[in-house]
> 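I have a structure here, written as structure tokens, and I will follow up with some questions on it.
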There are 2 protein chains.
Amino acid sequence: MHYSIRQVSEQTDLSEHALRFYEKEGLLPPIERSPSGIRRYSDEDMECLNLICCLKNTGMSIRQIKTFMELCAKGPETLKARCEMLREHKGAVEAQIEEMNRHLIKVTHKISCFTAQYEEYRDGCNKGMSD
Amino acid sequence: MHYSIRQVSEQTDLSEHALRFYEKEGLLPPIERSPSGIRRYSDEDMECLNLICCLKNTGMSIRQIKTFMELCAKGPETLKARCEMLREHKGAVEAQIEEMNRHLIKVTHKISCFTAQYEEYRDGCNKGMSD
DNA sequence: ATAAACCTTCACGTTAACTCTAAGTCAACC
DNA sequence: GGTTGACTTAGAGTTAACGTGAAGGTTTAT
């Protein structure tokens with residue numbers, strides 16, 4: 001099966017602009033063309049894009065994704081390096097999530113502070129207004 | 001107690017530029033000045049900055065922080081709105097973390113795939129090399 | 001008195017990730 | 001043959017957030 005850039009754009013939530021951009025930047029291998037130069041994405045290309053989106057969604061930069069995809073293109077002797085890169089990336093993302101959680105605790109604390117202040121203030125306003 | 005901009009910069013990990021910038025942008029109330037115009041940060045200002053950093057660390061934009069701090073400056077009748085804003089922000093951050101975790105699962109899966117491929121490849125290379 | 005630390009204003013820088021423009025090609029239909 | 005519309009290219013422009021830098025002047029500390 002082959003797909004036009006429009007179809008790929010719809011399936012991946014990447015704009016056609018972005019797809020050409022990724023190809024130009026070397027994130028994707030050069031896409032097969034029809035005799036008249038029109039891109040024909042293969043299922044293999046779709047898998048690459050799936051992986052790219054996965055990395056992108058976890059905040060990997062275009063530059064790093066490029067490095068990773070270049071390893072992919074070099075064949076199986078880079079499999080170990082790829083595993084290492086992914087594991088490192090995973091660690092970084094996990095660290096980021098942990099940091100977020102730590103900061104979130106502070107926000108939660110602030111919410112308690114403001115909530116307590118609010119209740120105090122509200123009760124102050126209502127003083128002697130009941131019965 | 002009062003602090004110079006330098007001291008505050010060191011305590012908060014914000015540059016002096018950033019401190020002036022935040023004040024200009026209205027994230028901070030106008031800071032008290034010495035007769036000659038030099039900023040003297042109070043403990044209250046430090047608390048504001050603490051809150052600002054807290055929001056900033058969880059990814060709140062400068063614009064939103066400004067909105068929040070303006071509410072703070074308006075006094076206790078905005079306490080409820082402030083609580084709501086913080087809770088909403090917290091929800092957004094939590095959602096973001098959840099999304100990250102979802103994406104991370106995919107990365108983990110990819111790692112398994114590559115690891116399996118790598119082991120297969122490595123074993124293939126070593127075929128007949130033992131005994 | 002001299003050097004560090006502070007002040008203001010305004011323009012400019014940085015990074016990332018596109019996105020748009022202009023000019024052109026190609027295939028199909030009328 | 002002409003028009004439409006989807007595609008191509010290279011390269012410039014955009015957006016957004018977040019400051020940073022430089023110039024030029026004042027104040028404070030030793």
> Between Lys56(B) and dG19(D), does any side-chain N or O lie under 4.0 Å from OP1 or OP2?
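For dG19(D), OP1/OP2 do have a side-chain N/O of Lys56(B) under 4.0 Å.
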
> Check residues 84-99 of chain B and write down every donor-acceptor pair under 3.5 Å in which the side-chain atom is one partner and the other belongs to a residue at least two apart or another chain.
from     : atom 1 : to        : atom 2 : distance (Å)
His89(B) : NE2    : Thr58(B)  : OG1    : 2.8
Lys90(B) : NZ     : Thr108(A) : OG1    : 3.2
Glu99(B) : OE2    : His103(B) : NE2    : 3.3

> Without decimals, in angstroms, what is the distance between Gln64(B) CD and dA17(D) P?
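Answer to the nearest Å: 10 Å.
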
> I'd like to know if the side chain of Ser9(B) and the backbone of Leu14(B) have a donor-acceptor N/O pair within less than 3.5 Å.
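It does hold such a pair.
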
> Short question: side chain of Glu23(A), backbone of Ile31(A) - any donor-acceptor pair under 3.5 Å?
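Yes: the side chain of Glu23(A) pairs with the backbone of Ile31(A).
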
> Determine: side-chain N/O of Arg39(A) to OP1/OP2 of dT8(D), distance under 4.0 Å, yes or no.
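Result: yes.
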
> In whole Å, what is the span from the CD atom of Glu23(B) to the P atom of dT8(C)?
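Going from Glu23(B) (CD) to dT8(C) (P), I get 7 Å.
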
> State plainly whether the residues Lys74(A) and Glu70(A) are in salt-bridge range, i.e. N to O under 4.0 Å.
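So Lys74(A) does not pair with Glu70(A) through a salt bridge.
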
> Can you check the Phe21(B) CZ to dC10(C) P distance for me, whole Å?
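After rounding, the gap between these two atoms is 15 Å.
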
> Respond yes when some side-chain nitrogen or oxygen of Tyr22(B) is under 4.0 Å from OP1 or OP2 of dC18(D), and no when none is.
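No, because none of the side-chain N or O atoms of Tyr22(B) sits under 4.0 Å from OP1 or OP2 of dC18(D).
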
> Within this structure, what is the CZ-to-P distance between Arg20(B) and dA5(C), rounded to whole angstrom?
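Value for this atom pair: 13 Å.
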
> Check every strand shown and say whether Arg40(B) touches a base, only sugar-phosphate, or nothing at a heavy-atom separation below 4.0 Å.
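Arg40(B): no heavy atom of the nucleic acid under 4.0 Å.
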
> From CG of Asp13(A) over to C1' of dA17(C), roughly how many Å is that when rounded to an integer?
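After rounding, the reported distance stands at 16 Å.
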
> Quick one: is Ser36(A) getting a side-chain N or O under 4.0 Å of the dT25(C) phosphate, OP1 or OP2?
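No, outside the criterion.
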
> Rounded to whole angstroms, how far apart are NZ on Lys66(A) and P on dA17(C)?
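So the two atoms are 14 Å apart, to the nearest Å.
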
> Decide if atom CD of Glu120(A) counts as having more than 12 heavy atoms of other residues, nucleotides or ligands within a radius under 6.0 Å.
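No - once you tally the heavy atoms of other residues, nucleotides and ligands closer than 6.0 Å, there are 12 at most.
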
> Taking atom C1' of dT8(D) as reference, at what distance in whole Å does atom CD of Glu16(A) sit?
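Value for this atom pair: 12 Å.
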
> Is there a side-chain contact between Ser15(B) and the phosphate of dG19(D), meaning an N or O under 4.0 Å from OP1 or OP2?
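The answer is no; no side-chain N or O of Ser15(B) sits under 4.0 Å from OP1 or OP2.
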
> If only side-chain N and O atoms of Arg63(B) are considered, is one of them under 4.0 Å from the OP1 or OP2 phosphate oxygen of dA17(D)?
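No, because none of the side-chain N or O atoms of Arg63(B) sits under 4.0 Å from OP1 or OP2 of dA17(D).
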
> May I have the distance from His17(A) (atom NE2) to dA12(D) (atom P), rounded to whole angstrom?
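Going from His17(A) (NE2) to dA12(D) (P), I get 16 Å.
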
> Please confirm whether the shortest side-chain N or O distance from Ser4(B) to OP1 or OP2 of dC6(C) is below 4.0 Å.
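Yes, Ser4(B) has a side-chain N/O under 4.0 Å of OP1/OP2 on dC6(C).
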
